[in-house]
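Taking it in order: structure first as structure tokens, then the write-up.
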Amino acid sequence: GKYESLKNALSTRAADEGFFAARFAQAEIALDLQLNEANITLRFDPGEQFRFGPVSIKVGDGLSDELIRGLMPLREGDLYSSSGLAQLRRNLDGSAYFRQIRVSPQLGQSLSQVVPVQVDLELRPQHAWTGGLGFTTDTGPRARLAYENRYINTRGHKLSADTQISSVRSQLNGSYLIPLEDAARQSLNLSGGYNFDNNDTFQSKSIKAEAALRDEKTNGWIQTLFLELQRDDYIIDVQEDISILTMLGASLGKTEADNLINPASGWKLFGQVRGASDALLSGTSFIQLYGTAKHVLSMGRGRILSRVEMGATWIDVTSDLPASLRYYAGGDQSIRGFDYRSLG
């Protein structure tokens with residue numbers, strides 16, 4: 001059994017990497033009945049590695065060929081690999097444009113070590129509405145309504161808007177996403193929103209607009225550079241103030257998990273730095289750092305969840321920092337023995 005498993009593993013790996021002409025030039029077991037030994041000789045000839053041929057795409061009207069080509073991680077002439085086909089499927093699925101994806105290497109049509117690839121796509125509905133009602137110990141009863149236009153034009157631009165209402169926290173946000181040349185990894189997101197917080201610690205009404213450039217590296221790290229404009233009307237204790245800030249920032253994050261919906265094991269890292277200067281359309285100057293790490297460890301039939309969160313702000317006068325940018329703890333996703341955002 002182990003001998004056959006070894007041969008199967010070699011053959012499977014060769015096929016995964018595009019060595020479809022691979023064969024065993026020698027596969028021999030020599031038995032030594034005196035020593036009770038089996039001496040194995042294997043000579044494996046992988047042959048020439050095949051390459052990807054033309055990639056044919058079938059998709060209905062709605063998206064341009066240029067956009068879909070931007071989602072392709074492989075090109076004609078690349079060395080064949082099953083991992084390349086899997087990455088192609090992940091890119092198409094992650095774009096959220098399609099509800100059905102079929103990627104088929106045409107092995108029966110391969111000529112001269114070239115394998116054509118057929119991609120069949122079915123678009124998701126262009127418009128989507130979602131809504132919900134709920135209750136949490138942090139915010140009490142709440143309602144949510146969201147709208148998404150998944151492809152406004154053939155270039156794949158997306159529009160989304162959502163509103164959430166509760167007695168403690170309400171918000172209205174909208175965003176417009178523009179895929180860039182590498183559509184699977186790069187995008188420009190223009191967003192804006194209104195947030196209202198009213199808890200026992202502070203009251204804040206903030207309006208903001210943001211432009212963010214997102215770039216996902218080949219190693220899975222997601223880098224974001226952003227420019228944010230924000231006006232904040234806030235009350236903390238007896239202090240009432242208005243803050244206007246122009247902030248520049250950058251963030252870096254990565255997630256690894258066996259299942260992104262309900263992981264049994266995995267981790268997530270995220271870090272961000274942002275700041276403002278009173279010499280650049282801002283009422284005050286500050287630098288702020290934030291970082292969080294999460295880990296999921298499988299333990300029998302259960303899991304151990306760990307989380308650490310850290311932040312620091314450098315500013316001359318603390319009272320000049322608006323409430324929406326200050327750090328607060330407490331609540332069901334923080335220090336659970338304290339009310340929502342009651343520690344600061």
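The residues of the chain are indexed from 1 along the displayed sequence.
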Does the [X] side chain pair with the main chain of [Y], one donor and one acceptor, at a distance under 3.5 Å?
X	Y	result
Arg274	Phe226	no
Lys208	Asn195	no
Ser285	Asp278	yes
Arg214	Asn189	no
Tyr97	Gly156	yes

Discussion item. Parallel, tilted or perpendicular: which one describes the rings of Trp129 and Tyr147, with boundaries at 30° and 60°?
Written reply: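 Geometry flag for Tyr147 against Trp129: tilted rings.
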Worksheet entry | Whether His157 and Tyr176 hold their rings parallel, tilted or perpendicular, with breakpoints at 30° and 60° |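 Perpendicular.
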Above 12 or not: heavy atoms from other molecules or residues under 6.0 Å from [atom1] of [X]?
X	atom1	result
Asn8	CG	yes
Asp316	CG	no
Asp61	CG	no
Glu66	CD	no
Glu37	CD	yes
Phe338	CZ	no
Ile235	CD1	yes

When you compare the side chain of [Y] with that of [X], does any pair of heavy atoms fall below 4.5 Å?
X	Y	value
Leu245	Leu325	yes
Pro125	Arg150	yes
Val59	Phe98	yes

Worksheet item: Where is the tightest heavy-atom contact between Phe202 and Ala323, given as atom of each residue plus distance?
Response: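 Closest heavy-atom pair between Phe202 and Ala323: CD1-CB, 3.5 Å.
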Worksheet entry | Shortest non-hydrogen contact between Pro73 and Asp78, atoms and distance |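 Minimum heavy-atom separation between Pro73 and Asp78: O-OD2, 4.4 Å.
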Worksheet item: Going by atom types only, do Ser206 and Ser204 share a side-chain donor-acceptor pair under 3.5 Å?
Response: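 No, no side-chain donor-acceptor pair sits under 3.5 Å.
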Discussion item. One thing to verify: whether Arg43 and Asp45 come together as a salt bridge, which I'm taking to mean a side-chain N less than 4.0 angstrom from a carboxylate O.
Written reply: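 Not counted as a salt bridge, because no side-chain N and carboxylate O are separated by less than 4.0 Å.
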Discussion item. Arg169 and side-chain hydrogen bond (donor to acceptor under 3.5 Å, both in side chains): which single residue from Thr139, Asp138, Asp197 fits?
Written reply: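 Considering Thr139, Asp138, Asp197, a side-chain hydrogen bond (donor to acceptor under 3.5 Å, both in side chains) with Arg169 is found only for Asp197.
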Worksheet entry | Verdict with reasoning, Ser160 to Ser175, per side-chain hydrogen bond (donor to acceptor under 3.5 Å, both in side chains) | CA-CA 5 Å; Ser160 62; Ser175 68; 2.7 Å; yes
